[in-house]
Amino acid sequence: MLKIYNSLSRQKEVFMSIKPGKVSMYVCGMTVYDFCHIGHARVMVIFDMIARYLRYSGFEVAYVRNITDIDDKIIARANENNETISELTNRFIVAMHEDSDALGNISPNLEPKATLHIPEIIEMIKTLVDKKHAYAGSNNDVYFDVSSFERYGRLSGKNIEDLRSGERVEIQQEKDDPLDFVLWKAAKPDEPSWPSPWGKGRPGWHIECSAMSTYCLGNHFDIHGGGQDLQFPHHENEIAQSVCSTDEKFANFWMHNGFVKVDEEKMSKSTGNFFTVREVLQKFQPEVIRFFILSSHYRSPLNYSINNLEEAKSALNGLYIALRDIFVDTSSVPLKEHKDKFNACMDDDFNTPKAISLLHELARDLNKNTNKTSKEAIELVVSLRFFGAILGLLQDEPQKFLQAKPDSSNNCLDEVSIQDLIDQRVAAKSAKNYTEADHIRDHLQTLGISLEDTPQGTNWRRN
RNA sequence: GGCUGAGUGGCAGAGUGGUUAUGCAGCGGUUUGCAAAACCGUGUACCUCGGUUCAAUUCCGGGCUCAGCCUCCA
């Protein structure tokens with residue numbers, strides 16, 4: 001029985017989908033004006049893992065992750081770069097897909113773009129205005145009237161009084177109330193715009209998600225996810241817009257993943273303390289990044305550091321070493337005993353660190369098995385590969401993974417030279433010239449190549 | 001100031017009212033020409049002060065510290 005922590009109730013709840021056997025999930029994706037950083041990678045990997053586990057649990061999953069391709073920062077960045085908005089956004093959409101694919105994510109079922117849903121956005125704003133939940137200001141901006149929605153603040157645990165007394169709410173004269181937020185922004189000269197009942201303009205930040213989630217999944221759907229920093233105001237505002245325009249419940253479950261931190265501080269674009277996915281891929285294989293992300297619980301903070309990534313690499317190496325040289329039928333299904341353990345971890349709010357500890361236990365049992373063709377060994381490999389697939393891990397050929405070079409290492413030793421040195425060492429060894437053999441091994445070690453002698457020959461891998 | 005959440009062994013990171021997390025690193029052993037990998041063994045871990053309890057790291061309360069949100073942010 002799957003339990004999910006619901007940010008709305010602040011506790012784990014038994015997950016029941018609205019329609020039996022089907023799950024609809026909307027995740028707030030990227031605003032595309034720059035490369036994805038590790039924080040973005042975390043959202044992508046976490047919700048990919050969730051979609052995979054839900055599918056494995058027997059649900060048909062409609063996973064929607066939007067692309068916000070029009071907003072203030074995009075306009076500003078395009079101006080800075082002296083390029084058009086669509087040149088900028090298309091470039092970073094391509095880059096985002098490259099990063100997401102590299103990390104082993106299965107593409108969402110739908111990736112709606114804000115600029116392709118302007119009619120739905122305008123329609124929703126119109127409804128809100130008609131229902132007196134929104135009003136046009138003297139500057140032709142349209143604002144949502146926060147006081148018209150009783151439950152405003154419920155998701156983020158804020159009450160309107162506290163927000164009002166907060167010093168950081170900026171006063172804007174056109175608003176009836178400083179807490180009101182913009183649905184439609186009147187166009188300034190030289191800004192991209194679309195015609196609307198309130199004149200030329202463009203959507204505000206939050207409305208596109210309300211309009212697109214409703215368009216793709218209906219008024220009421222199962223799961224809405226995103227980073228913790230979106231809880232307020234973005235998700236709070238989405239709830240207000242959607243509930244007020246449709247008069248239906250919006251999302252049943254709200255899921256928020258924790259931040260990636262650098263030196264105990266949140267990684268974010270505005271502070272500039274971020275590492276892009278492609279930058280980290282220069283040093284580490286994509287699966288190491290994925291393993292690193294999944295080795296802590298999705299709601300906990302995750303501390304980015306080279307040391308932690310190296311640790312992830314060592315741990316993942318160990319799993320691949322256990323899997324080396326054993327081939328199984330990929331359609332095989334794990335033992336019930338193994339499955340029960342794995343499911344127990346994952347059913348508890350997607351406890352991937354615990355699930356990974358199970359992988360290590362399976363690997364240890366496998367290593368104990370001296371006969372790699374025994375029934376038990378095969379069963380263990382089947383389980384490792386099968387559970388790995390649900391996490392998006394361990395799908396590579398072990399030898400390929402262990403010998404792969406990171407992106408940046410095009411100057412390191414190639415496979416032919418390595419094999420050549422290994423052959424020389426084997427020759428030295430059989431001549432009992434151990435000084436020479438050890439010399440070659442030490443030389444390779446300084447180049448980041450580790451050797452292992454086995455009865456079947458010498459294995460090598462990159463550190 | 002308001003509201004969240006967190007403080008676990010050298011590090012990373014789960015979890016639990018009394019019983020081994022797991023990984024990385026370390027130490028001892030088996031193995032090996034020597035290594036590596038692997039296996040076995042090995043760690044007086046749970047911020048602090050009170051309370052509840054036969055028993056608390058785990059529940060409750062106070063304190064301290066940290067992070068996040070309240071402004072753009074995954």
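Lettering follows sequence order; numbering is per chain, from 1.
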*Looking across every strand, which nucleic acid part, if any, lies under 4.0 Å from A/K269 by heavy atom: base, sugar-phosphate, or nothing?*
sugar-phosphate

*With both distances kept under 3.5 Å, what pairs with B/U20, Watson-Crick or G-U wobble?*
none

_Listed nucleotide nearest any side-chain atom of A/L230, set B/C66, B/C70, B/A74_ = B/A74

_Closest-nucleotide mapping onto RNA chain B: is A/D71 or A/K354 further toward the 5' terminus? I mean the 5' end._
A/K354

_Could you identify the nucleotide paired to B/U52, looking across every strand shown and requiring Watson-Crick or G-U wobble geometry with both distances under 3.5 Å?_
none

*Could you give me the CA-CA distance, side-chain angles and deciding distance for A/Y26 and A/Y63, then say whether ring pair (Phe, Tyr, Trp, His ring centres under 6.0 Å) is met?*
CA-CA 6 Å; A/Y26 183 92; A/Y63 170 24; 9.5 Å; no

*For B/A21 and B/C40, measure between their P atoms and round to the nearest Å.*
16 Å

*For B/C54 versus B/U16, give the span between their P atoms, rounded off to a whole number of Å.*
24 Å

*Which part of the nucleic acid, if any, lies within reach of A/T271 when heavy atoms closer than 4.0 Å are counted: base, sugar-phosphate only, or nothing?*
nothing

*Under 4.0 Å between any heavy atoms, over every strand shown, what does A/E361 touch: base, sugar-phosphate, or nothing? Just pick one.*
sugar-phosphate

*Within the structure, does a side-chain N or O atom of A/H40 lie under 4.0 Å from either OP1 or OP2 of B/A74?*
yes

*Quick one: label A/G226 by what it contacts on the DNA or RNA (base, sugar-phosphate, nothing), any heavy atom closer than 4.0 Å.*
sugar-phosphate

*asked:* Return the pairing partner of B/U30 with a 3.5 Å limit on both distances, Watson-Crick or G-U wobble; otherwise return none.
replied: B/A38

_Identity of whatever pairs with B/U44 - Watson-Crick or G-U, under 3.5 angstrom_ = none

_Without decimals, in angstroms, what is the distance between A/F47 CZ and B/A74 C1'?_
9 Å

*Report which part of the nucleic acid A/N257 touches: base, sugar-phosphate, or nothing (heavy-atom distance under 4.0 Å, all strands).*
base

_Could you tell me how far B/A45 sits from B/G10 if I compare only their P atoms? Round to whole Å._
9 Å

*For A/F232, which contact category applies under a 4.0 Å heavy-atom criterion: base, sugar-phosphate, or nothing?*
sugar-phosphate

_Measuring only the C1' atom in each nucleotide, how far is B/G9 from B/C3? A whole number of Å is fine._
33 Å

*Quick one: ring pair (Phe, Tyr, Trp, His ring centres under 6.0 Å) partners of A/F284, sequence neighbours excluded?*
none

_For B/U58, the Watson-Crick or wobble partner whose two distances fall under 3.5 Å_ = none

_Classify A/S270 by what it touches in the nucleic acid, base, sugar-phosphate, or nothing, heavy-atom distance under 4.0 Å._
base

*asked:* Taking any heavy-atom pair under 4.0 Å as a contact, classify A/M267: base, sugar-phosphate, or nothing.
replied: base

*Between A/H297 (NE2) and B/A21 (P), how many Å, whole number?*
21 Å

*Whole-Å distance between B/G23 C1' and A/L294 CG?*
15 Å

*Residue mapping more 5' on RNA chain B - nearest nucleotide basis, A/Q231 or A/K73*: A/Q231

*Within less than 4.0 Å of OP1 or OP2 of B/C69, is there a side-chain N or O belonging to A/K266?*
yes

*For the pair made of NZ in A/K341 and P in B/U20, what is the distance, rounded to whole Å?*
15 Å

*Please check if the side chain of A/N308 supplies one atom and the backbone of A/N303 the other of a donor-acceptor pair under 3.5 Å.*
yes

*For the side chain to side chain contact (heavy atoms under 4.5 Å, CB included) test, which of A/L366, A/L394, A/L362 pairs with A/L319?*
A/L394

*Going by ring centres under 5.5 Å and near-parallel planes (under 30°), is A/F259 stacked on B/A67?*
no

_For the P atoms, the ones on B/A25 and on B/C66, what distance do you get once it is rounded to whole angstrom?_
32 Å

_Inter-nucleotide P distance (B/U48, B/A56), Å rounded_ = 14 Å

_Please check this pair: side chain of A/R462 against backbone of A/G448, looking for a donor-acceptor N/O pair closer than 3.5 Å._
no

*asked:* Rounded to whole Å, how long is the line connecting atom CG of A/N303 with atom P of B/A14?
replied: 12 Å

*Send over the distance from A/K158 NZ to B/G2 P, rounded to a whole Å.*
13 Å

_Watson-Crick or G-U counterpart of B/C66, or none if no pair lies under 3.5 Å_ = B/G5

_Between C1' of B/A25 and CG of A/L309, the distance in whole Å_ = 17 Å

*asked:* Taking atom types as they are modelled, would you say the side chain of A/D438 forms a donor-acceptor pair with the base of B/G33 within the 3.5 Å cutoff?
replied: yes

*Hey, does A/V260 reach any base, or is it just sugar-phosphate, or nothing, if we go heavy atoms under 4.0 Å?*
base

_Who pairs with B/A25 - Watson-Crick or G-U, where each distance is under 3.5 Å_ = none

*Any salt bridge between A/K354 and A/D348, counting N to O under 4.0 Å?*
no

*Are A/R425 and A/D453 ion-paired here, with the side-chain N under 4.0 Å from a carboxylate O?*
yes

*How would you label the contact of A/G29 with the nucleic acid (heavy atoms, under 4.0 Å): base, sugar-phosphate, or nothing?*
sugar-phosphate

*Under the 3.5 angstrom rule, does the side chain of A/R202 hit a backbone N or O of A/I70 as a donor-acceptor pair?*
no

*Could you measure between the two C1' atoms, the one in B/C11 and the one in B/U58, and give it in whole Å?*
23 Å

*Can you find a donor-acceptor pair, distance only, under 3.5 Å between A/E311 side chain and B/G23 base?*
yes

*Check whether the side chain of A/S156 and the base of B/C69 form a donor-acceptor pair under 3.5 Å.*
no

*With A/R299 as the cation and A/Y5 as the aromatic partner, state whether NZ or CZ is under 6.0 Å from the six-membered ring centre and within 45° of the axis.*
yes

*Look at A/E287 together with A/R290 and state whether they make a salt bridge at an N to O cut-off of under 4.0 Å.*
no

*How many Å lie between NZ on A/K261 and P on B/G13, as a whole number?*
9 Å

Between protein and nucleotides 35-42 of chain B, what N or O pairs are separated by less than 3.5 Å?
| from | atom 1 | to | atom 2 | distance (Å) |
| --- | --- | --- | --- | --- |
| B/A35 | N6 | A/D453 | O | 3.2 |
| B/A35 | N1 | A/D453 | N | 2.9 |
| B/A35 | N3 | A/R441 | NH1 | 3.0 |
| B/A38 | O3' | A/N367 | ND2 | 3.1 |
| B/C39 | OP1 | A/N367 | ND2 | 3.3 |
| B/C40 | OP1 | A/K368 | NZ | 3.2 |

*Provide the distance between the two P atoms, one in B/G62 and one in B/G5, to the nearest whole Å.*
14 Å

*Before accepting this row, confirm whether a basic side-chain N of the pair A/D396/A/K400 lies closer than 4.0 Å to the acidic partner's carboxylate O.*
yes

*If you check the A/H360 side chain, which of B/G68, B/G13, B/G23 turns out closest?*
B/G23

